[in-house]
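Written out below as structure tokens is the structure these notes cover.
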Amino acid sequence: MIIVKVFDGYRISSPYGWRVDPFRGGREFHAGIDLVKADQAPIHAFMEGSVLFAGMGRAGTGLGGYGNVVVIKDKNGRAHLYAHLSRTAVTKGAIVKKGQTIGWQGATGRVTGSHLHYEIRKKTTPKYGWTVNQGLSTMDPTAYLQSYVLKPRPKKRQKLILPSLSSSWRVYPTNKKPVKGNETGFLNPKKFGGLQYDIIGNPQKDVYTIQTKDFGEVNIYAAPSTGAKIK
Ligand SMILES: [Zn+2]
């Protein structure tokens, strides 16, 4: 099998599988992989999908102990859990692209330090796919992502087109609500006869993440009523 580096930029602090329980000692099954970048570092989605849950995982829901967690359902019906985040960057129902920021590394929930616990569950219901036998209900994230990455798939990126009618189009930091007052700057489509960007993410309805020259990665509100077009 060809090895593909699927966790580039991370240090693996604890792999998937049987290990010594860091709290009580003794053997336990580690249902995910522990990855460390840096405390508060942005965490990007390893695979695209739709957000089923984003927030504090409560006991009894299948997410207890996971702290601030984002659950993303992929096209194969698997649940991807990004756990112990300091904050989440997406909301339930959002469509997330691969590479999109979904939160920031933290130490919420049952942890001994700041890290990302990344877990893949075979099912999304009930309890977001949680079962007592985690060895059966989860998958090795490294193997799963490698098989996914190796599959050839067409690269198609949607474009956001801003018409030339506006000379000041607000853009927002990706970690703030896209509402007036939070803007980090303005784009000037009029000056350039319109502007065009690759869409990196779609954190909520009519809000798109784009890469700009002047402001870096930002969110922009572009409902059809604004005259913006998605192509
Ligand atoms: Zn873990």
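Each ligand, and each atom within it, is numbered from 1 in the order the structure gives.
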* Can you name the N/O/S atom of D34 that is nearest the Zn ion (ligand 1)? -> OD1
* To do: Indicate if F7 and V70 have the same hydrophobic cluster label, given that clusters are the connected sets of ILVMFWY residues with side-chain heavy-atom separations under 4.5 angstrom.
  => yes
* Asked: CD1 of I210 to CG of L160: how many Å apart, nearest 0.5 Å?
  -> 6.0 Å
* Would you say H84 reaches the Zn ion (ligand 1) with an N/O/S atom under 2.8 Å? -> no
* To do: Identify, by name, the N, O or S atom of H117 lying closest to the Zn ion (ligand 1).
  => ND1
* To do: Scan side-chain atoms only and decide if H80 and Y118 contain a donor-acceptor pair under the 3.5 Å cut-off.
  => yes
* Is the closest side-chain donor-acceptor distance between N76 and Y144 under 3.5 Å? -> yes
